Amino acid sequence: MNNIIGYIIIGIGVLFNLFGCIGLLRMPDVYCRLQAATKCVTLGICFVLIGVVVIVGFNPLGVKALICMVFILVTSPTGAHALARGAHKSGVKLWKKSVCDKYKDKESK
Amino acid sequence: MKRFTLFFISYIIWILLVLPLDLQTLILGFFVALIVALLFGKEFVENYKRLWHIDRLFWFLVYIPVFTYYLILANLDVMYRVLHPDLPINPGIVKVKTKLKSRSGRSVLCNSITLTPGTLSVDIEGEYIYIHWLNVKSDDVDLASKGIVEKFEKYLMKVFG
């Protein structure tokens with residue numbers, strides 16, 4: 001029974017990863033792509049790891065999966081933040097239909 | 001004391017990572033945690049004593065379900081935008097203001113903002129955070145802060161405030 005639930009959760013996770021990848025292809029510029037990639041892939045990986053915990057139960061392997069989840073939740077947004085900041089500092093333009101860019105105003109001051 | 005807190009945390013993480021326990025890994029972990037504490041003790045969070053406050057930990061536990069709710073909402077939101085044929089996005093970088101004072105509180109806030117619907121923190125400067133917003137509703141500092149920051153701030157103020 002646990003196996004079936006676990007595989008369903010892993011399936012949901014893979015589905016979220018798939019949407020993240022589609023977003024990566026469809027979005028127009030670096031920042032929007034980062035948005036899709038960070039959010040969907042983080043939750044997707046979390047679901048996969050929760051599925052692993054459900055299948056193997058609370059033994060050493062399950063605990064390791066939970067710790068990996070915490071690490072991913074901490075590091076993935078930090079990485080996205082660093083990439084976005086680096087992209088903006090090196091002069092990557094926003095999409096042409098973007099509404100406003102307060103960060104550029106600050107840099108040009 | 002600061003180093004001891006770091007030692008304690010890294011030792012617990014080591015123990016969780018090397019389960020099942022035996023004497024060798026415990027001794028090795030003791031030395032690894034000791035080296036980590038000696039090398040990085042200075043870089044550890046400034047208000048380390050707050051890690052021992054039970055009420056702050058309680059509010060952090062309250063914060064986790066709130067955060068999970070917004071994380072799932074964020075994914076459904078991105079999913080809708082990605083799969084919609086017209087790609088309904090309206091992006092821009094806005095500036096918001098936070099009331100949080102401590103550095104660790106601000107970084108947790110930034111990470112939460114990145115993982116929640118349509119927002120990605122780009123840079124932080126003092127009490128202002130620059131945020132890339134997928135669907136800009138208002139470029140005014142106060143209105144944007146109300147929409148993005150407030151929902152987390154009231155919990156994080158209790159944890160880090």
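FYI, side chains are in, hydrogens and waters are out, and symmetry mates aren't considered; it's all heavy atoms of this structure. Note that the coordinates shown come from a computational prediction; the quantities given were computed from them, not determined experimentally.
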Chain B contact residues among residues 14-27 of chain A, heavy-atom distance under 4.5 Å: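 Only A:Phe16, A:Phe19, A:Ile22, A:Gly23, A:Arg26, A:Met27 of residues 14-27 of chain A have a heavy atom under 4.5 Å from chain B.
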Do [X] and [Y] sit in one hydrophobic cluster, given that two such residues count as connected whenever their side-chain heavy atoms are within less than 4.5 Å of each other, even indirectly?
| X | Y | value |
| --- | --- | --- |
| B:Phe152 | B:Val108 | yes |
| B:Tyr155 | B:Met157 | yes |
| A:Val52 | A:Val54 | no |
| B:Tyr80 | A:Val41 | no |

Atom group of A:Thr78 that falls short of 4.5 Å from chain B, counting heavy atoms: both
Segment of A:Leu73 engaging chain B (4.5 angstrom heavy-atom cut-off):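 For A:Leu73, backbone and side chain are both near chain B.
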Criterion side-chain contact (heavy atoms from CB on, under 4.5 Å) on A:Leu43 and B:Leu115, from CA distance to verdict: CA-CA 9 Å; A:Leu43 191 69; B:Leu115 287 176; over 6 Å; no
Over 12 foreign heavy atoms within 6.0 Å of CZ, B:Phe60: no
Atom NZ of A:Lys64 with >12 non-hydrogen neighbours under 6.0 angstrom: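 Yes.
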Nearest-0.5 Å distance that lies between atom SG in A:Cys40 and atom CG in B:Leu76: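 If we round to the nearest 0.5 Å, A:Cys40:SG and B:Leu76:CG are 9.0 Å apart.
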Point-to-point distance, once rounded to the nearest 0.5 Å, from NZ of A:Lys39 to CE of B:Met79: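 Going from NZ on A:Lys39 over to CE on B:Met79, the span is 14.5 Å.
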Largest heavy-atom contact set with chain A, pairs under 4.5 Å, which of [options]:
| options | answer |
| --- | --- |
| B:Asn111, B:Leu120, B:Ile124 | B:Asn111 |
| B:Ile131, B:Ile72, B:Thr119, B:Val18 | B:Thr119 |
| B:Ile113, B:Val78, B:Thr114, B:Asn75 | B:Asn75 |

Among A:Arg85, A:His81, A:His88, side chain to side chain donor-acceptor pair (under 3.5 Å) partner for B:Asp123: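 Answer after filtering A:Arg85, A:His81, A:His88: A:Arg85.
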For B:Ile13 against A:Phe71, the heavy-atom pair lying closest together: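 That would be CG2-CZ, 4.2 Å.
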